[in-house]
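Read the structure below first, then the notes.
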Amino acid sequence: MYTRAVSSRKPSIKSPEQVRFMRMAGSIVNAAHEAAAGVIRPGVTLAEIDAVVDEVIASRDGEPLFKGHSVPGVAPFPAATCISVNEEVVHGIPDDRTLKEGDVVSVDVGVRYRGWCADAAVTWPVGNVSSDRRRLLRVTEAALRAALRTLRPYVRWSEVAAAIEEEVTRGGFTILQQLVGHGIGREMWEAPQLPNYAGSGVDFVAVPGLVLAIEPMATMTSRFVRQGSDGWTMTTADGQPAAHFEHTVAVTVTGIEVLTLGENGFGWAQ
């Protein structure tokens, strides 16, 4: 998420019962991603993908977290899903654009269930994509895996951020610095901010009860984004493709739990 969008309030600690509801929200997010993955192909429109996600969320008594969300000076977000294609990084609005062979498409799904939220994203190749695009996806997913390996009770976020950046840099790509992960709970965007690079100046200790939406975002070359005229869509400053992977993760007394993997274990960063 864009850095200015994240609450500056003190991070809230969730009880095991609250995490249980977030786990339920996470299972709906996971089911929506499964459904979206089943329809992504050349020729499908972004609106068609969004409709599939919206239907899954409704069928499980969830509330689409993004639909109707507003920020000052911008029209409310109109869809259940953020769908971002190629140079679009996050917050893309689903419309009648058609996916083409060789595109990469990021699908970001958020759900509120009984007042508690979960959020996850994955970037998919559309048909046969170029080797550099496929490697960008693979490296960005690996950065999320590195974060999950590093995060544990009482580790500092700076260690996790360094692991993310190292994975991306070693792969020959660049971490975006204007976009961050975030805490999550009753609201989609809560404190703390989660920069994905070392030396940001943002740091905290991951105490049990924190729930974090961890989301590495990487590009071919640029560290910066620009905002589209719709007030939502963020694109890479140089127009090159980007990748985005995200899970909602609870810090527990014994380790971590990825809440958006779902009951059947489907996931892209296990």
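For this chain, numbers begin at 1 and follow the sequence in order.
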Under 3.5 Å, which donor-acceptor pairs do the side chains of residues 194-211 form with other protein atoms, sequence neighbours left out?
{"from": "N196", "atom 1": "ND2", "to": "E215", "atom 2": "O", "distance (Å)": "3.1"}
{"from": "S200", "atom 1": "OG", "to": "V202", "atom 2": "N", "distance (Å)": "3.1"}
{"from": "D203", "atom 1": "OD1", "to": "W157", "atom 2": "N", "distance (Å)": "3.2"}
{"from": "D203", "atom 1": "OD1", "to": "S158", "atom 2": "N", "distance (Å)": "2.9"}
{"from": "D203", "atom 1": "OD1", "to": "S158", "atom 2": "OG", "distance (Å)": "3.4"}
{"from": "D203", "atom 1": "OD2", "to": "R156", "atom 2": "NE", "distance (Å)": "2.9"}
{"from": "D203", "atom 1": "OD2", "to": "S158", "atom 2": "OG", "distance (Å)": "3.0"}

With side-chain hydrogen bond (donor to acceptor under 3.5 Å, both in side chains) as the test, would you mind laying out the steps for T98 and K100 before giving the verdict?
CA-CA 6 Å; T98 299; K100 303 184 296 297; over 6 Å; no
Determine whether a donor-acceptor pair (N or O, by modelled atom type, separation under 3.5 Å) exists between the side chain of D119 and the backbone of A213.
no
To the nearest 0.5 Å, atom CH2 of W124 lies from atom NE2 of H33 at 9.0 Å
Which value, rounded to the nearest 0.5 Å, describes the distance between T236 atom OG1 and M220 atom CE?
10.0 Å
Evaluate the side-chain proximity of T252 to I256: yes if any heavy-atom separation is below 4.5 Å, no if none is.
no
Would you call R145 and E167 a salt bridge, taking side-chain N to carboxylate O under 4.0 Å as the test?
no
I57 and A32 have their tightest heavy-atom pair at CG1-CB, 4.5 Å
I40 and V56: same hydrophobic cluster, using ILVMFWY side-chain contacts below 4.5 Å?
no
Worked check of side-chain contact (heavy atoms from CB on, under 4.5 Å) between M217 and L176:
CA-CA 6 Å; M217 290 158 275; L176 284 167; 4.0 Å; yes
Which residues share a side chain to side chain donor-acceptor pair (under 3.5 Å) with E55, sequence neighbours left out:
none
Are a donor atom and an acceptor atom from the side chains of T260 and N30 found within less than 3.5 Å of each other?
no
Is there a side-chain contact between P241 and E87 in this structure, where contact means two heavy atoms from C-beta onward sitting under 4.5 Å apart?
no
About how many Å separate CE of M234 and NE2 of H91, when rounded to the nearest 0.5 Å?
6.5 Å
Quick check for you: to the nearest 0.5 Å, what is the distance between H244 atom NE2 and L137 atom CG?
12.0 Å
Matching residue for V225 among V89, T235, V90 - test: side-chain contact (heavy atoms from CB on, under 4.5 Å)
V89
Minimal non-hydrogen separation, A147 against I214, with atom names:
CB-CG2, 3.9 Å
Are the side chain of D103 and the backbone N or O of V105 linked by a donor-acceptor pair below 3.5 Å?
no
Can you give me the closest heavy-atom contact between A47 and D96, atom names plus distance?
CB-OD1, 3.9 Å
Can you list the residues that meet the salt bridge (Lys or Arg N to Asp or Glu O under 4.0 Å) rule with E166, with sequence neighbours excluded?
R170
Heavy atoms of L65 and C117 approach each other most closely as CD1-SG, 3.6 Å
Rounded to the nearest 0.5 angstrom, the CZ-CH2 distance for R186 and W116 is 4.5 Å
Donor-acceptor pair, distance only, cut-off 3.5 Å: does the side chain of H182 make one with the backbone of M188?
yes
Taking the side chain as C-beta and beyond, is there a heavy-atom pair between E159 and R152 under 4.5 Å?
yes
About how many Å separate CD1 of I49 and CG of D54, when rounded to the nearest 0.5 Å?
13.5 Å
For E187, check salt bridge (Lys or Arg N to Asp or Glu O under 4.0 Å) against everything at least two apart and list the hits.
R112
Could you check I164, T169, T140 and say which one makes a side-chain contact (heavy atoms from CB on, under 4.5 Å) with I175?
I164
Is there a side-chain contact between M22 and K14 (heavy atoms, below 4.5 Å)?
yes
Minimal non-hydrogen separation, A250 against V19, with atom names:
CB-CG1, 4.2 Å
Could you check if a side-chain atom of F66 sits within less than 4.5 angstrom of a side-chain atom of D108, using non-hydrogen atoms only?
yes
Without placing hydrogens or testing angles, list every side-chain donor-acceptor pair under 3.5 Å for residues 71-84, not counting sequence neighbours.
{"from": "T81", "atom 1": "OG1", "to": "D50", "atom 2": "OD1", "distance (Å)": "3.0"}
{"from": "S84", "atom 1": "OG", "to": "G92", "atom 2": "N", "distance (Å)": "3.1"}

side-chain contact (heavy atoms from CB on, under 4.5 Å) assessment of E190 paired with S12
CA-CA 8 Å; E190 296 185 353; S12 65; 3.4 Å; yes
Can you list the residues that meet the side-chain contact (heavy atoms from CB on, under 4.5 Å) rule with T174, with sequence neighbours excluded?
T219, R223
Measure the shortest side-chain to side-chain distance between V249 and L151 over non-hydrogen atoms and say whether it is less than 4.5 angstrom.
yes
Knowing that exactly one of R60, M24, E63 qualifies, which makes a side-chain contact (heavy atoms from CB on, under 4.5 Å) with Y113?
M24
Pair F173, R135 - check side-chain contact (heavy atoms from CB on, under 4.5 Å), show working.
CA-CA 9 Å; F173 299 110; R135 192 164 59 85; 3.5 Å; yes
Between H247 and L144, is any pair of side-chain heavy atoms under 4.5 Å apart?
yes
Shared hydrophobic cluster, Y154 / V251 (ILVMFWY, side-chain heavy atoms < 4.5 Å)
yes
Check whether L148 and V29 end up in the same hydrophobic cluster, where Ile, Leu, Val, Met, Phe, Trp and Tyr are linked by side-chain heavy atoms less than 4.5 Å apart.
yes
Return the minimal non-hydrogen interatomic distance between R97 and I93, and the atom names on each side.
NH2-O, 3.5 Å
Could you walk me through whether V258 and T248 pass side-chain contact (heavy atoms from CB on, under 4.5 Å), step by step?
CA-CA 6 Å; V258 183; T248 296; over 6 Å; no
